[in-house]
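Working notes, beginning with the structure itself.
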Amino acid sequence: MRTRISPARLIGVVLILLWSLVPIYWVINISLQSESEARSKPSHYLPPHPSLHNFATLLGSSSEIGNQIRASSVNIVIECAVATIVTVVIATMAAYAFARLKFRGSIILFYALLATMAFPVYTTLIPLYRIMSDLGLVNTYTGIVLVYVSGFLPLSTWILYNYFQSLPESLEEAGLVDGATRLQVLWHVLLPLARPGIVSTTIITFLFAWAQFLFPLVLSSDLSTQPLTVTISALQGRHTVPFSLLSAAGVLAIAVPAVIALVLNRYIVSGLLAGSVK
C-alpha cells in the first residue's frame, strides 16, 4: 500500500531542495560563462556559450591567481588527508580501549571526552592560537593538523566506540585463549569487522576537515599553508578577480566533497546505522 505524501510535506521538501541546490546551480552556471556574460543584465539562466575557460585559467595558466589556487588545493588535500589519518588511528585505539579495557576512571574520561562536543568550537579559537603561536606552529601544516585532530577526535571516538561495543566479546576472548595478544586480536579480528565504521569515520572526518574555514583563516595567514577555502575568500581582498573566475574557484572547492558525498553516501549511512545498533 502506497503512503500518501501530504501537500504541505511535498511543498516543504521542494522548498528545501530549491534552497540548497539553486545556489550551487547558479555558481556552476556563472563559472561556465565569460565575465561579460556573467555581468550582463538580465542574467542568463543558462550559459549562452558554455566554456571551461575559467577552469583552464585556474588549473593550467601561469597567472598569479592560478598559482595560488593550485597551491592552496595541494594544501587542503595534505591537511585534510593527514588530519583524517591521524584522527582515525587515534580514535580507533581510544575507542577500543574505552569499549573493551576496564581501567580506573575510564567512564569519567570517556564522558569527559564526549562532553567537549557540547562546547562551541570557536570558543577555543583564541586559546588555540596563543598555544600554536607560543609553539611556533602558526602558518605550518603541523599546527593546522593538530587543531583539526583535537576537534574531530571526540566524534570519531564516539562513532568507533559504538562499533566495538556492537561486536561480540566472544570473538576477542577466543583469540586471547588461542594465545594472541590484544593488539593482534584488534588487528586481525576486530578491525576487519569494524571496517564499515572505520570507513564512515574516515569519510566524515575528511568532509569536516575540508569544510573548515575560521580555524585555518586564523592559523594560516601565509599562502604557503592556506587551504583552498581560505584562499578563495581572500582573493577579492588581494586582487580584482573576475566574478566568473571566482565562481569557477568555488566550484573546484565544492567538487571534492560533493563527489564524496554522492558516491560514498551509502557507506556513510550504512556505517553509522550499523554502529548505532548492538
Could you list the donor-acceptor pairs under 3.5 angstrom formed between side-chain atoms of residues 83-94 and any protein atom two or more places apart in sequence or on another chain?
unit_1: T84; atom_1: OG1; unit_2: C80; atom_2: O; d: 2.6
unit_1: T87; atom_1: OG1; unit_2: A83; atom_2: O; d: 2.7
unit_1: T92; atom_1: OG1; unit_2: V88; atom_2: O; d: 2.6

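- A distance-only check finds no donor-acceptor pair linking the side chain of E172 to the backbone of E169 [under 3.5 Å].
- For the pair S233 (side chain) and V230 (backbone), a donor-acceptor distance under 3.5 Å is present.
- Judged purely by atom type and a 3.5 angstrom limit, S133 has no side-chain atom pairing as donor or acceptor with the backbone of R130.
- The backbone N or O of S43 sits nowhere less than 3.5 Å from a side-chain atom of S40 that would complete a donor-acceptor pair.
- For the residue pair S220 and Q226, no side-chain donor N or O sits within less than 3.5 Å of a side-chain acceptor on the partner.
- In the hydrophobic clustering of this structure, L207 groups with V263; members are Ile, Leu, Val, Met, Phe, Trp, Tyr whose side-chain heavy atoms approach within less than 4.5 Å, directly or through other members.
- A distance-only check finds a donor-acceptor pair linking the side chain of N139 to the backbone of D222 [under 3.5 Å].
- Residues L128 and V147 share a closest heavy-atom pair of CD1-CG1, 4.0 Å.
- Checked by atom type and distance alone, the side chain of T116 pairs as donor or acceptor with a backbone atom of L113 at under 3.5 Å.
- Transitive grouping of hydrophobic side chains (ILVMFWY, heavy atoms separated by less than 4.5 Å) brings F103 and L114 into a common cluster.
- Side chains of Q33 and H44: no donor on one and acceptor on the other come within 3.5 Å.
- For the side chain to side chain contact (heavy atoms under 4.5 Å, CB included) test, residues two or more places apart in sequence or in another chain that qualify with Y25 are N29, L46.
- Side-chain contact between I144 and Y148 is present, with heavy atoms from C-beta onward closer than 4.5 Å.
- For W158 and F110, the ring centers sit 6.0 Å or farther from each other.
- In terms of modelled atom types and a separation under 3.5 Å, the side chain of Q212 and the main chain of F208 share a donor-acceptor contact.
- For S36 and S34, the side-chain atoms include at least one donor-acceptor pair closer than 3.5 Å.
- Side chain to side chain, S156 and T201 fail the donor-acceptor criterion of an N or O pair below 3.5 Å.
- Checked against a 6.0 Å centroid threshold, the rings of F98 and Y161 do not count as neighbours.
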